[in-house]
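Every heavy atom of this structure was used, including side-chain atoms; hydrogens, water molecules and symmetry mates were not. Residue numbers start from 1 in every chain, and the chains themselves are labelled A, B, ... in the order their sequence lines are given, proteins ahead of strands.
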Amino acid sequence: MDMLQVEQKWRDKWEKDKLYSFDKSRIDKKYYVLEMFSYPSAAKLHAGHWYNYGPADSFAKFKRMQGYEVFEPMGFDAFGLPAENYAIKTGIHPKDSTLKNIETMEEQLKKINGSFDWDYEIKTCTPDYYRWTQWIFLQLYKNGLAYRKEAPVNWCPSCQTVLANEQVLDGSCERCKTTVIRKNLTQWFFKITQYAEELLQDLDKLDWPAKTIAMQKNWIGKSVGGEVEFALENGGNFRVFTTRADTLHGVSYVVLSPEHPLVNKLTTEDCKKAVENYKDMCSKVSEIDRMSSTREKTGVFIGAYAINPINNKKVPIWIADYVLYSYGTGAVMGVPSHDERDFAFATKYNLPITRVISNPNGNDDLPYCEYGVLVNSDEDNGLTSEQAIIAILDRLEKMGKGGKKVNYRLRDWLVSRQRYWGCPIPIIHCEHCGDVPVPEDQLPVELPYNVNFTPDGKSPLAKCDEYINTVCPVCGRPAKRDEDTLDTFVCSSWYYLRYPDSKNNKQAFDPEIINKMLPVDKYIGGAEHACMHLLYARFFTKALRDLGYLKFDEPFTSLVHQGTILGPDGFKMSKSRGNVVSPDDIICKVGSDAFRLYLMFGFSYIEGGPWNENGIESITKFMDRVERIVKSAYSNKAVDKELTKQDKELLFVLNSTIQKVTADTEIFSFNTAIARIMELVNALYKYEQVEDKNYKVFQDACYKLILLLAPFTPCFAEELHEQIGEKGSVLNKNYPTAETKYLVKDEYELAVQINSKNRDKIVVPADSDNKTIIEIAKNSDIIKKQLEGKTIVKEIVIPKRLVNLVVK
RNA sequence: GCCGAAGUGGUGGAAUGGCAGACGCGCUGGACUCAAAAUCCAGUGAGGGCGACCUCGUGCGGGUUCAAGUCCCGCCUUCGGCACCA
C-alpha cells in the first residue's frame, strides 16, 4: 500500500467531512483528552512531540470508538524567553518568528493525523487569549491572591537583568557566565501558599503517577511543629519555628537569617562591622549556592542576647546564612546536641553543647537526632520526645509565648518577569492612588510591537513611552503601567479552561459550558512539569472555584507522563550531539501511521528509551502482513457453516485479543496491546493454512482486526475498511467487544510440577475438579516414573495453570 | 543526605505470588527461486547429553512460601526529583 498517498487521501477526506468536529449536543458523553500544548520553537516538531501526541491521540480515538464524544484540542504556549533570545540574536521580532513557527508546526501536527478539533485552537500570545489571562490576574488581585512585595531575585550584573532560575547555571549567567547575585526588587506574587493544605490533601483524590504525587508532596513540604517566642533584653521579642520543641531546654544560641529586620536593631556597636561584612558577603552568594547543604556553615555574633521562655536562660543571638528568611519565621533555635547543622555550627564557634535527649540504646554520641527521653530538662525530665513536644507547646501557648504551628516549604509564586515577550500586567501605578487595576472593559492591555528589548537593566516595556505612560483610571492624572510581564506559566495555568469556549469574546469562558466539559479526563504530557505547571494549574482551578467560576476542585482527573525518546546513542536528543532523529524524514519514507505504531510498539510508553533504526522496518512489514491477510480473507465468499475446532480456536484468539487490547489501551500499555494484535495476525496466518476455512469467521476476524488497529494506524485502517467494502469512517464504528461465549474453552493445558519443577504437561477437560486433575497428572507416564519410590506429602492445583506435587 | 523509579537473553521489551523471556528485532535452518530480494514455515537464555531429558538462570546476600522477577530484611548500581526547610 502506498501509505503516503493513502494518508493524504484520508487526511483530506476527514478535513472535508469535519470528522473530528466536537458535537456539543453530545456533551453528556464528553471525554476531554488533553495533551500538554507545545512551545512554538523554530526547531519544529521533534520526536518528543510525536511521542506525546501520537499515542495520546490513539487513546483519544480508542475512546471515540467506544462511544465517547472526544474533545481533543490543540494550541500553542506561545509567549516565552526562547523567542525573545532568538530576536536579540537575529533581530527577528518575537511575534513574527512565533507566528511563523506556529504555522509550520500546525502543518506538521496535521501530519500526525490526530483528532484535533482546530476550531478550538489557542495561541497564548494573541490578545484574544491574553486579555483573559489579564482578567484572571485582576480577579486574583481583587481577591487578595495577587500582591506585590520586595523579593530577592537572581541578577546578572553584566547583562543588567533578572534571570529566571533556569537561566542560572552553577551560579552563573547562562549567557555571559558572570556570577549571578541576589538583588531585591518589587515583584508580583500569587498567593499559592494559601492553598498549600488543600493542594496537599487533594493529591489523594487524583489518578496521577505516584511519582508526581510524591514530588508535589515534597514540594509543598508540610512540616508540623511549633513556634517559640524568645524575649529580648530590651523588651522586644521574636519567634522561631521548630519541629523539636522537646529539645527546647538544650538551646545554646539562636540564629536569625541575615535579612531578618531585627538584625540592624539588635546589633551592638562593637559587632556592627563584622555583621555588615557578613551581610555583604551573603548578598554576593547566589540563592542557589546558599541553599547548598554541603557548604560550610558560617555566621557572626551580633552582640545581643535572647531569653529562652522555658528556663529563662540567656542565649547569644547570631546571624548565619543557613537560616532562610523565607521559611518559617526566618529565625531558628540552636540545639547542637540534637541537630547536625547546629552541632557543626556550635563546634566551629565554640558554643555550649548540652544533651537534653537520651538515646534509648545507651549510646552517648552527639549529635543525637532521633526521639528519646528528656534529661537535663528540669520539670520535663523523663518525658518521651513525643510527650514533651505536646507538653511544652501547650505550656508555651498558655504563657502566650508560642504554640503549635504548621509550616510549608511551598513559597508564593513570583510571576513578574523583566521581559518583553509575555503577557502585560494589567496594573497602573499612580502616585496618588497607588496600584490601580486596569478597568476590565479596557482589557486587553496590548503588548506594543515596537519595543527595544535588548537587555540593559531595565524592563523592555519601561523604555516604551507610549506604552508605559498612561492616565490613572481613578484620578485621571498621569500614571505609569506596570513595566513587567507575566511568567509564561501563568498563561498555561488556565488554557485547559479556555479550550472548550475558546472563541468567547465576552468572558474568559462560560462557566455553564466549562463546568460540563471539565475536568480534563485524561491529561498527557512530560513529567518535567510536576512541580511547576501541574501545581500552578491546580492552584488556578481552586482559586477560580473559590471566586465562584468553577464547580470542580481539580483540573486533571487522570494524568499520564510519557517517557523520553533518546537518540540512538542513548543520550537525550540534541543538536549539539547530532543524535536527533527527525520525524519528518521518517514519515516521508514510511508514513505517519507506521511511525506512530513504531513509537507505540517499540517502547514502554511511560519509560521511553533510545531510538532504534531497524525497528521501524519491522512495523511496515507487519502492516504489509495485515494487508495480505485481509485480502486473503476477502478473496472468497462468506457462507454460514458449522464451526470446526480450528474456527473455534481462531474465535478464541480473536476474542481474547479484543479483551486484552481493550484493557491494555485503557492503561496506556500500548506496546503490549500491539503485541496482542500481532498475535492475532499470527493466528490468522495459521488459520489461512487450514484446508476447510470458514470465510465468515475469517472475514469477521479480519474486520475486527481492522477496528482494533484503527486507533493506532488510522489511515491504514480506514483504507482497508474501505477496501473490504465498508461504508463510513472506521473511526465512527464501534470498538469491538469480546464475545464471552468464545472465551470458554473445552479443555486446558496444565503444567505438572514435582517439588515445583516442571516435569510434564497434561490436558484436562475444563470442568474437571481438582481430584480428577490430580488423578490425570499422576497417571502421566513421566510423572509415574518420577514418583517411583517417593511419597506425596502435598498436592496443589491452581486451576487453568498448574499442578504441583510435593514429594519426599 | 532525603524522596521516587528501575536493574530480566545478543537486543527493544513481556509476565493478578503459579510453566520466566509474550510480542518484535537479530541470528540459524528449511520452502519458493537458475540465483537473489520479498514472502512463508521452523528453531533460537546458558551449560551438559546421541537421545527421551537433566542442571543452572531475572543486580548481590539472606529470608518467607508447595511455589519468588514479583513479598520481607540487608546491600550494590543506574536514572529522575528535592536538597542547610529548623
Side-chain angles (χ1 to χ4, degrees), chain A residues 209-219 221-223 225 228 240-244 247 254-255 257 288 290-297 320-324 326-335 339-342 344-345 407-411 527-528 530-531 561 563-564 598 601-604 606-607 609-619 621-622 624-625 628 660 664 669 671-682 685-686 688-689 749-761 781-782 785 793-807:
Chain A
K211 174 184 162 189
T212 308
I213 290 182
M215 277 168 71
Q216 287 209 355
K217 279 189 177 162
N218 279 340
W219 189 263
K222 183 175 181 176
S223 178
V228 181
V240 300
F241 174 73
T242 179
T243 53
R244 292 299 302 270
T247 65
V254 290
V255 192
S257 81
I288 284 109
R290 185 171 155 179
M291 301 266 264
S292 160
S293 56
T294 50
R295 252 174 92 234
E296 199 188 351
K297 317 244 163 313
D321 71 353
Y322 75 85
V323 177
L324 307 171
S326 50
Y327 182 77
T329 59
V332 303
M333 60 191 210
V335 186
D339 180 279
E340 283 190 29
R341 276 162 312 170
D342 296 348
F345 193 80
N407 262 321
Y408 301 89
R409 294 161 75 155
L410 185 68
R411 312 286 171 83
E528 67 276 15
C531 294
H561 294 309
T564 313
Y598 172 63
F601 176 66
F603 309 86
S604 156
I606 54 167
E607 300 286 329
W611 178 259
N612 176 348
E613 272 307 317
N614 36 14
I616 196 101
E617 284 159 32
S618 70
I619 289 296
K621 206 167 106 183
F622 167 70
D624 289 343
R625 241 168 104 76
R628 272 195 306 275
K660 289 175 192 156
D664 286 352
S669 182
N671 55 346
T672 53
I674 293 160
R676 298 290 90 85
I677 297 178
M678 286 172 168
E679 279 172 338
L680 172 60
V681 173
N682 290 344
Y685 268 84
K686 200 173 153 200
E688 194 191 20
Q689 293 180 345
E749 191 188 65
L750 301 186
V752 182
Q753 303 182 332
I754 291 177
N755 286 345
S756 308
K757 288 205 164 115
N758 291 334
R759 286 295 181 254
D760 198 10
K761 304 220 172 206
D781 293 341
I782 294 173
K785 214 168 154 191
V793 293
K794 200 164 184 179
E795 296 163 341
I796 293 146
V797 178
I798 306 296
K800 301 181 192 177
R801 292 193 187 270
L802 57 76
V803 175
N804 188 10
L805 303 173
V806 185
V807 302

Any A/Leu410 side-chain heavy atom under 4.5 Å of A/Trp219 side chain: yes
Length of the CE-C1' vector between A/Met215 and B/C82, whole Å: 8 Å
Base-contact (B) and sugar-phosphate-only (S) positions in nucleotides 61-70 of chain B, heavy-atom cut-off under 4.0 Å, - elsewhere: -----BS---
Pair partner, B/U39 [Watson-Crick or wobble, under 3.5 Å]: B/A31
Distance between C1' atoms of B/C40 and B/A46 (Å, rounded): 31 Å
Closest nucleotide among B/A22, B/C19, B/G13 to the A/Ser604 side chain: B/G13
Interatomic distance, A/Leu805 CG vs B/G18 C1' [rounded to whole Å]: 14 Å
A/Arg341 CZ to B/C2 P, straight-line distance once rounded to whole Å: 14 Å
P-based separation of B/G26 from B/G47 [nearest Å]: 23 Å
Closest contact, heavy atoms only, A/Ala320 versus A/Phe345: CB-CE1, 3.8 Å
Lys NZ or Arg CZ of A/Arg625 over A/Tyr685 ring: under 6.0 Å, within 45°: yes
Whole-Å gap separating P (B/C19) and CD1 (A/Ile782): 19 Å
Output field: ring centroids A/Phe622/A/Phe601 closer than 6.0 Å: no
Min side-chain heavy-atom separation A/Val335-A/Arg244 under 4.5 Å: no
For atom CG of A/Asn758 and atom C1' of B/C56, their distance in whole Å: 14 Å
Quick test: give all pairs of protein nitrogen or oxygen and nucleotides 40-45 of chain B nitrogen or oxygen below 3.5 Å, distance rounded to 0.1 Å.
residue, atom, partner, partner atom, Å
B/C40, OP1, A/Arg625, NH1, 2.7
B/C40, OP1, A/Arg628, NH2, 3.1

Beyond-backbone contact of A/Val806 with A/Asn755, side-chain heavy atoms, under 4.5 angstrom: yes
Touch class at under 4.0 angstrom, heavy-atom based, for A/Lys217 against every strand present: nothing
Close side-chain approach of A/Thr564 to A/Phe603, heavy-atom, < 4.5 Å: no
Closest-nucleotide ordering on RNA chain B, the 5'-leading residue of A/Glu749 and A/Gly615: A/Glu749
Sugar-phosphate, base or nothing in reach of A/Lys757, heavy atoms under 4.0 Å: sugar-phosphate
Whole-Å distance separating the CD1 atom of A/Ile677 from the C1' atom of B/A22: 15 Å
Selection from B/A86, B/C25, B/A14 that lies nearest to any side-chain heavy atom of A/Ser618: B/C25
Side chains of A/Ile796 and A/Gln753 in contact at under 4.5 Å (non-hydrogen atoms): no
A/Arg676 side chain, from C-beta outward: closest of B/C82, B/C3, B/A22: B/A22
Per-nucleotide protein contact string for nucleotides 5-12 of chain B, where B marks a base within reach and S marks sugar-phosphate only (heavy atoms under 4.0 Å, - for neither): -------B
Base-pairing assignment for B/G17 (Watson-Crick or G-U wobble, both under 3.5 Å): none
Upstream residue (5' side of RNA chain B) when A/Cys531 and A/Gly330 are each assigned their closest nucleotide: A/Cys531
For B/U55, the Watson-Crick or wobble partner whose two distances fall under 3.5 Å: B/A46
Residue A/Arg801, side-chain heavy atoms: nucleotide from B/C19, B/C82, B/C25 that is nearest: B/C19
A/Ser756 and A/Asn804 side chains, donor-acceptor separation under 3.5 Å: yes
Check: A/Arg759 side chain, B/C54 base, donor-acceptor under 3.5 Å: no
Watson-Crick or G-U counterpart of B/G80, or none if no pair lies under 3.5 Å: B/C3
Spatial distance of atom CG (A/Leu802) from atom CG (A/Asn758) [nearest 0.5 Å]: 8.0 Å
Value in whole Å for how far the P atom of B/A37 lies from CD of A/Glu617: 15 Å
Spacing of A/Trp219 atom CH2 relative to B/C3 atom C1', expressed in whole Å: 14 Å
Sub-4.5 Å side-chain heavy-atom contact between A/Thr672 and A/Arg676: yes
A/Tyr327 side-chain N/O to B/A86 phosphate OP1/OP2 under 4.0 Å: yes
Nearest listed nucleotide, side chain of A/Ser223, among B/C82, B/G24, B/A86: B/A86
Side-chain donor/acceptor of A/Arg244 to base of B/A86, under 3.5 Å: no
